[in-house]
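Quick notes on the structure that follows.
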Amino acid sequence: MPLYQTNPIKIYNSITGKKEIFKPINEGHIGMYVCGPTVYSNVHLGNVRTFMSFDMVFRYLKHLGYKVRYVRNITDAGHLENDEDAGEDKVAKKARLEQIEPMEVVQRYTVDFHNILNTFNFLPPSIEPTATGHIIEQIELINKIIENGFAYEVNGSVYFDVHKFNEAHEYGKLSKRKLEDLIHNTRALDGQSDKKNPQDFALWKKAEPQHIMRWPSPWSDGFPGWHLECTAMSTKYLGEQFDIHGGGMDLKFPHHECEIAQNEAAKGISPVNYWMHANMLELNGSRMSKSTGNTVNPSELLSGENKFFSKAFTPGVIRFFNAQSSYRSVLDLTNDGLLASEKGFYRLMDGMSLLNSIKASDNSTIDIATWRQNCYDAMNDDFNSPILIANLFEAVKYINQIKEGKASITKDDLELFKSTMHAFVLDVLGLENTAESNSGSDKLAGAVDVLIKLRQEARANKDFALSDKIRDELAAVGIQLKDGKEGTTFTTN
RNA sequence: GGCGUCAUGGCCGAGUGGCUAGGCAGAGGUCUGCAAAACCUUCUACAGCGGUUCGAAUCCGCUUGACGCCUCCA
């Protein structure tokens, strides 16, 4: 029996503002779409946080036994500079600045994106479609919306008629906006727009002569509007209606709102059952921004080459830091916060290592089944990873107590304990035990054991100068000795 | 200005109408040749002001502040 049958999960649905019992359209199967990056520059750290949160969601759903098709797109065209659609394609702009081909920019930053995500131990999505690979689908979608009377063509560009749409549907239902408020709050136009109303958005944009990325269409040589690709690709790979759509909070409006509108205008149905929005990442209490310099990119954080942090942090520490807060909360990236997480992370990992060496007894003083269910309950409640981690630290306490002989565990419970820890720490949270994955660790362990024995002999002979020297010099190269009841162990953090 | 989200102890961060979050840091203890590690114990709390309630940090209202979107920035 798959785990999901005994583990109903609740998901906070952004469109209703409530936690709801999750029920997939097809039992045992889940379709999940997450808006991916625009590959015109190095991936933004905040973007990494969003994808990290959904990576955890993906991992947990898979762990529960769901067959998940996870689609995360690459936006490699059509992302306009601003909502008035007067800007140029971001990719084309960058290409001209750097004097290279647009697809070269796309390639470079796609590779960078994948490298960063691999470093952070992400699972690859099931499908990673590109906007440029789905121009035909996007044109078909525009045709349908025009046919249904919710779009109009002007001078080779096609716009979505928001006012018309709002007569039969509800534009703004995701972001809780009313069209009349939007009208009231729109800035005055400069009169250059082809749009009937400022709230309308482009489905197809005619390319200016100097615009490099362009495709033929029934209306003009041009490029698709920036909300269209997600609708086209989610429909193609997940169907007209699917289970989960995720993305950063900042995409809620207008991007996701427009996705709903496009889908309803084309097919008459709302595309998504559960909307999930990951909250923002801040740096030292305020928004990351290139213009103010309050920003750090993923590779700078990992290398330590930045002005905000006192040292480099490993991918595991950063993943752990992220998992210690809810995906729905604003997370503030600070030096103190990372240092605290680093210590906690290594404590958890030391516990994982120790778990392999503890011995079973005839009885259990710990209720492993209840503890295990607490872990599931945490994740079942809208993927509450902070509560899960609190339970994992309970587990670390158990491990240490067993190790010290202050608690005991039966063989069966120990097996369950090990497999559960493995499942949550490694599979669900995606953390890697760096201490154990060192290459040549067997030889290292052998060498350190020799030193441990020498130190024990020195201590037996009361030669504390020598024993302390061994301990201190090992510490100096990053090997910490830990004296326990049953001998000395070491860690290589 | 509009819409939305949020405000928790030294720091980070869960949760929630009455019952321990957790991590980091601090204090005391056990262990140790001394430490470290580990274990045990322990101190700081729910922005402010009203209201609902037997009871609110948790619900409602107002105030103040922060953040997001509305405008390029994930």
Side-chain angles (χ1 to χ4, degrees), chain A residues 14 17 35-38 41 43-51 79-84 87 90 93 172 174-178 180-187 199 247-255 257 277-282 285-292 294-295 320-321 323-326 328-345 347-348 350-351 354 374 378 381 384-394 396-397 399-401 403-407 458-460 462-464 467-468 471-472 475 480-485 488-491:
Chain A
S14 301
C35 293
T38 302
S41 65
V43 62
H44 193 284
L45 193 60
N47 224 165
V48 172
R49 186 213 176 182
T50 298
F51 299 143
H79 220 129
L80 297 175
E81 285 286 344
N82 63 54
D83 202 37
E84 285 169 38
K90 276 181 182 171
K93 182 179 184 185
L174 175 65
S175 54
K176 312 285 189 287
R177 278 157 219 256
K178 290 189 167 60
E180 53 200 85
D181 293 335
L182 291 172
I183 295 166
H184 189 254
N185 289 309
T186 303
R187 289 189 307 176
Q199 294 75 36
M249 196 80 98
D250 51 337
L251 295 180
K252 207 174 189 179
F253 188 89
H255 183 60
E257 199 69 70
H277 288 97
N279 218 136
M280 301 291 105
L281 180 70
E282 294 182 349
S286 59
R287 176 172 174 69
M288 288 198 198
S289 160
K290 281 173 195 164
S291 54
T292 62
N294 189 238
T295 187
F320 182 75
F321 176 75
Q324 273 186 304
S325 80
S326 159
R328 286 201 285 131
S329 299
V330 173
L331 178 59
D332 190 16
L333 194 64
T334 61
N335 196 54
D336 288 349
L338 281 171
L339 287 173
S341 285
E342 184 175 53
K343 290 204 176 181
F345 173 73
R347 202 159 92 81
L348 177 62
D350 287 351
L354 227 48
N374 289 342
D381 183 13
N384 196 326
S385 52
I387 294 290
L388 171 64
I389 288 175
N391 281 295
L392 296 179
F393 278 110
E394 278 298 300
V396 171
K397 195 193 269 188
I399 292 167
N400 285 315
Q401 285 173 345
K403 188 80 182 171
E404 295 208 345
K406 289 179 176 169
R459 291 174 70 195
K462 304 252 193 270
D463 185 356
F464 298 123
S467 70
D468 289 355
R471 178 218 286 160
D472 297 343
Q480 189 192 20
L481 299 185
K482 297 180 177 180
D483 296 330
K485 279 257 190 304
T488 301
T489 57
F490 72 96
T491 55

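Lettering follows sequence order; numbering is per chain, from 1.
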- Message: Using a 4.0 Å heavy-atom cut-off, does A:L281 contact any base of the nucleic acid, only the sugar-phosphate backbone, or nothing at all?
- Response: base

- Query: Which heavy-atom pair separates A:L338 from A:F321 by the least distance, and what is that distance?
  - Reply: CD2-CG, 3.7 Å

- Task: Taking only the side-chain heavy atoms of A:F253 (C-beta and beyond), determine which of B:G68, B:C24, B:C70 contains the nearest atom.
- Result: B:C70

- Message: So does A:N384 get a backbone contact from the side chain of A:D381, meaning a donor-acceptor N/O pair under 3.5 Å?
- Response: no

- Message: In whole Å, measure the gap between the C1' atoms of B:U52 and B:G61 for me.
- Response: 11 Å

- Can you find a side-chain donor-acceptor pair between A:S385 and A:Q324 that sits under 3.5 Å? no

- Message: At less than 4.0 Å, is any side-chain N or O atom of A:R328 found next to OP1 or OP2 of B:C6? Yes or no.
- Response: no

- If you check every side-chain atom of A:S325, which of B:G22, B:A14, B:C39 has the closest atom? B:A14

- Task: Write down the distance between CG (A:L182) and P (B:G1), rounded to a whole number of angstrom.
- Result: 18 Å

- Task: Select base, sugar-phosphate, or nothing to describe what A:G46 touches, counting heavy atoms under 4.0 Å on all strands.
- Result: base

- Query: If you look at every heavy atom in A:Q199 and A:L182, which pair is closest and at what distance?
  - Reply: NE2-O, 3.6 Å

- Message: For A:G484 and A:M288, find the nucleotide of RNA chain B closest to each by heavy atoms; which residue's nucleotide sits nearer the 5' end?
- Response: A:G484

- Message: Quick check against the 3.5 Å criterion: does A:R459 have a side-chain atom that pairs as donor or acceptor with the backbone of A:S467?
- Response: no

- Run the salt-bridge test on A:D250 and A:R287 with the 4.0 Å N-O cut-off and return the result as yes or no. no

- Message: If I pick the C1' atom on B:U5 and the same atom on B:G9, what distance separates them, to the nearest angstrom?
- Response: 23 Å

- Query: Is the side chain of A:Q401 donor-acceptor paired with the backbone N or O of A:K406 at a distance under 3.5 Å, no angle test?
  - Reply: no

- Where does RNA chain B pair, written as one dot-bracket string 5' to 3', with Watson-Crick or G-U pairs under 3.5 Å, ( ) inside the strand, [ ] for crossing pairs and | for another strand? (((((((..(((.....[...))).(((((.......)))))....(((((..]....))))))))))))....

- Message: Classify A:Q401 by what it touches in the nucleic acid, base, sugar-phosphate, or nothing, heavy-atom distance under 4.0 Å.
- Response: sugar-phosphate

- Query: Would one find a side-chain N or O of A:N400 under 4.0 angstrom from OP1 or OP2 of B:C39?
  - Reply: yes

- Separation between the C1' atoms of B:C60 and B:A21, rounded to whole Å: 27 Å

- Message: If you compare every side-chain N and O of A:K343 against the phosphate oxygens of B:A25 (OP1, OP2), does one of them come in below 4.0 Å?
- Response: yes

- Can you measure from NZ (A:K176) to CZ (A:F253) and round to the nearest 0.5 angstrom? 13.0 Å

- Message: Does the plane of the ring in A:F345 sit parallel, tilted or perpendicular to the ring in A:F320? Use 30° and 60° as the thresholds.
- Response: tilted

- Query: What is the distance, rounded to the nearest whole Å, between atom CG of A:L338 and atom C1' of B:G23?
  - Reply: 13 Å

- Interatomic distance, A:R177 CZ vs B:C70 C1' [rounded to whole Å]: 5 Å

- Task: Before accepting this row, confirm whether a basic side-chain N of the pair A:D468/A:R471 lies closer than 4.0 Å to the acidic partner's carboxylate O.
- Result: yes

- Could you tell me the separation between the NZ atom of A:K252 and the P atom of B:G4, rounded to a whole number of Å? 10 Å

- What is the distance, rounded to the nearest whole Å, between atom CG of A:L392 and atom P of B:G13? 19 Å

- Query: Do A:R328 and A:S326 get their side chains close enough for a donor-acceptor pair, meaning under 3.5 Å?
  - Reply: no

- Nucleotide nearest A:D250 (side chain, heavy atoms from C-beta), chosen from B:C69, B:A38, B:G22: B:C69

- Message: For the P atoms, the ones on B:A35 and on B:G29, what distance do you get once it is rounded to whole angstrom?
- Response: 11 Å

- C1' atoms of B:G2 and B:U53, separation to the nearest Å: 35 Å

- Message: If I pick the C1' atom on B:A25 and the same atom on B:C43, what distance separates them, to the nearest angstrom?
- Response: 12 Å

- Task: Determine whether the side chains of A:D483 and A:T488 contain a donor N or O and an acceptor N or O closer than 3.5 Å.
- Result: yes

- Query: Rounding to a whole Å, what distance do you find between A:E394:CD and B:C40:P?
  - Reply: 9 Å

- Message: Under 4.0 Å, counting only non-hydrogen atoms across every strand here, what does A:K397 touch: a base, just sugar-phosphate, or nothing?
- Response: sugar-phosphate

- Query: How is A:T334 classified with respect to the nucleic acid when contacts are heavy atoms under 4.0 Å: base, sugar-phosphate, or nothing?
  - Reply: nothing

- Query: Say you pick atom P in B:G15 and the same atom in B:U8; how far apart are they, in whole Å?
  - Reply: 14 Å

- Most 5' of A:K176 and A:S286 on RNA chain B, judged by nearest nucleotide: A:K176

- Task: Rounded to whole angstrom, note down the P distance from B:U44 over to B:C39.
- Result: 23 Å

- Item | For atom CD of A:E342 and atom P of B:G13, their distance in whole Å | 17 Å

- Letter per nucleotide, 5' to 3', of nucleotides 26-35 of chain B [B base touched, S only sugar-phosphate touched, - untouched; heavy atoms, 4.0 Å]: ------SBBB

- Rounded to the nearest Å, what distance is computed from the CD1 atom of residue A:I389 to the C1' atom of nucleotide B:G15? 15 Å

